[in-house]
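Here's the structure we're looking at; comments come further down.
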Amino acid sequence: TRRSSDLEITSLTFNNASQKPTASTTTGVSGETITFDVSNAKTAAGTYSSTATCSSVTGNNVCGNYTLTNATTSYTIAQYDISNATIASTSNKTYTGSQIKPTPAVTAFTDVTLTSGTDFTYSYTNNTNVGTATITITGKGNYKGTKSATFKITAKAITAKSGSTSKTYDGTALTYKTTGSIVSGSLASGHTATYSSSGTITDVGNVANTLDTVTIKDSNGTDVTANYTITKQNGTLTVNAKSLAVVWTHIDDLVYSNAA
């Protein structure tokens, strides 16, 4: 006697390995267990067709006693949710004046390294100025969903020095208020600095030309000073003594007078 069997197909999710549905039946003869061969194993996420055939029957070992119904079906391997992946940590980055775009490794299933552009894409927010930036990966192909990680952008260290100058004493104050330079480190490309100093001296001697402020702007004129750690050094203002020539008069016209 041939009996019919109904197949039950399980759902699948991409796992980077070959998969196929499993088939089972609940309508065989009591005491007989039927096992199936299932065709068309696949790895990538997608929708496929698979066919089950009788492999063996316990007891009499005669597959011919059964006619299978619903033996061919479609099945789907769903995309893996990339939120379950791991994004490698990103070390602190120093401010550059431009967007910083690190590409940390992304792994799934413990030890499978995913491929940028094939399995996911990178995107970034708040990744130019000093602070906390965000990397977001978005799944594609066999992966879906998103996951984010953060990294720090730290200030760029520079040393600025006010200008130094000198003059000969003339009775007026010597100042050098708006001149300076970067003497250690460097500004980001396209950035310029302006300086304000408050040193002043009138009489002969020297004083520090105190550097009060350094303002840094980008090529668009936006103030980006907060993205720098600035060490200040003072220049020197020097007033030198004025040289005077002594002029003698009447040295040939003096007559002894018994007085100095």
Would you check if there is a donor-acceptor pair between the side chains of T225 and T215 at a distance under 3.5 Å? no
Between V130, T90, T94, N92, which is the residue that forms a side-chain contact (heavy atoms from CB on, under 4.5 Å) with K152? N92
With the side chain counted from C-beta on, respond yes when Y66 and C54 share a heavy-atom pair under 4.5 Å apart, and no when they do not. no
Which atom names give the shortest non-hydrogen contact between N40 and S49, and what distance separates them? ND2-O, 2.6 Å
I need the minimum non-hydrogen distance between N126 and I153, along with the two atoms involved. O-CD1, 4.2 Å
Given F36, which of T53, T22, L68 fulfils the side-chain contact (heavy atoms from CB on, under 4.5 Å) condition? L68
Heavy atoms only: give me the nearest S166-L174 pair and the separation to one decimal. CA-CD2, 4.1 Å
Starting from V207, can I reach V239 by hopping between I/L/V/M/F/W/Y residues whose side chains sit under 4.5 Å apart? yes
Is there a donor-acceptor contact under 3.5 Å linking the side chains of T136 and K147? no
Does any N or O in the side chain of T58 come within less than 3.5 Å of the main-chain N or O of T33, such that one atom is a donor and the other an acceptor? yes
Using a distance-only test with no angle check, is there a side-chain donor-acceptor pair under 3.5 angstrom linking N206 and T236? no
Donor-acceptor contact present, side-chain S162 to main-chain G235, <3.5 Å: yes
Distance in Å, I100 CD1 paired with N129 CG, rounded so as to fall on 0.5 Å steps: 9.5 Å
Can you check whether N142 reaches Q79 side chain to side chain, under 4.5 Å on heavy atoms? no
One should read off an interatomic distance between L114 CG and T107 OG1, to the nearest 0.5 angstrom, of 7.5 Å
State yes or no: do V106 and V112 share one hydrophobic cluster built from I, L, V, M, F, W and Y residues joined by side-chain heavy-atom distances below 4.5 Å, directly or via other members? yes
Nearest 0.5 angstrom please: I182 CD1 to H191 NE2, how far? 12.0 Å
Checking side-chain contact (heavy atoms from CB on, under 4.5 Å) for the pair K101/N127: CA distance, chi angles, key distance, verdict? CA-CA 7 Å; K101 298 181 176 182; N127 61 321; 3.9 Å; yes
N234 and L211: which non-hydrogen atoms are nearest, and at how many Å? OD1-N, 2.9 Å
Using the rule that two of Ile, Leu, Val, Met, Phe, Trp, Tyr join whenever any of their side-chain heavy atoms come within less than 4.5 Å, decide whether Y169 and Y176 are in one cluster. yes
Indicate the ring-plane relationship of Y95 and Y228, choosing parallel, tilted or perpendicular according to the 30° and 60° boundaries. perpendicular
Ring geometry between Y122 and F120 (parallel below 30°, tilted from 30 to 60°, perpendicular above 60°): perpendicular
Would you find a donor on one side and an acceptor on the other, under 3.5 Å apart, between the side chain of N209 and the backbone of G199? yes
Taking the side chain as every heavy atom from C-beta outward, state whether K161 and S184 have any pair of such atoms under 4.5 Å apart. no
dist S164:OG -> L237:CG (nearest 0.5 Å) comes out at 7.0 Å
Flag yes if I77 and I82 sit in one hydrophobic cluster, no otherwise; membership is Ile, Leu, Val, Met, Phe, Trp, Tyr, and two members link when side-chain heavy atoms are under 4.5 Å apart. yes
Evaluate T194 against K217 for side chain to side chain donor-acceptor pair (under 3.5 Å), listing each step before the verdict. CA-CA 9 Å; T194 56; K217 293 186 178 182; over 6 Å; no
Spell out, as yes or no, whether a donor-acceptor pair under 3.5 Å connects the side chain of K232 to the backbone of D212. yes
Are I216 and I230 packed together at the side-chain level, in the sense that at least one heavy-atom pair is separated by less than 4.5 angstrom? yes
Heavy-atom side-chain proximity of T76 to Y48 below 4.5 angstrom: no
OG1 of T125 to CD of Q99: how many Å apart, nearest 0.5 Å? 10.0 Å
Begin with the C-alpha distance, continue with both residues' side-chain angles, and end with the deciding distance and a verdict on side chain to side chain donor-acceptor pair (under 3.5 Å) for N220 and T222. CA-CA 6 Å; N220 295 318; T222 302; 5.3 Å; no
Would you say K156's side chain and T96's backbone share a donor-acceptor pair under 3.5 angstrom? no
Passing option when T51 is tested against T73, D37, T72 for side chain to side chain donor-acceptor pair (under 3.5 Å): T72
Using a cut-off of 6.0 Å, state whether more than 12 heavy atoms not belonging to K167 lie near its atom NZ. yes
So which heavy atom on S50 is nearest to which on S39, and how close? OG-O, 2.7 Å
Return the orientation label for the F109 and Y143 ring planes: parallel under 30°, perpendicular over 60°, tilted otherwise. tilted
Taking the side chain as everything from C-beta on, heavy atoms only, tell me whether Y124 gets closer than 4.5 Å to I135. yes
Which atoms form the tightest heavy-atom contact between S55 and C63, and what is the distance? C-SG, 3.7 Å
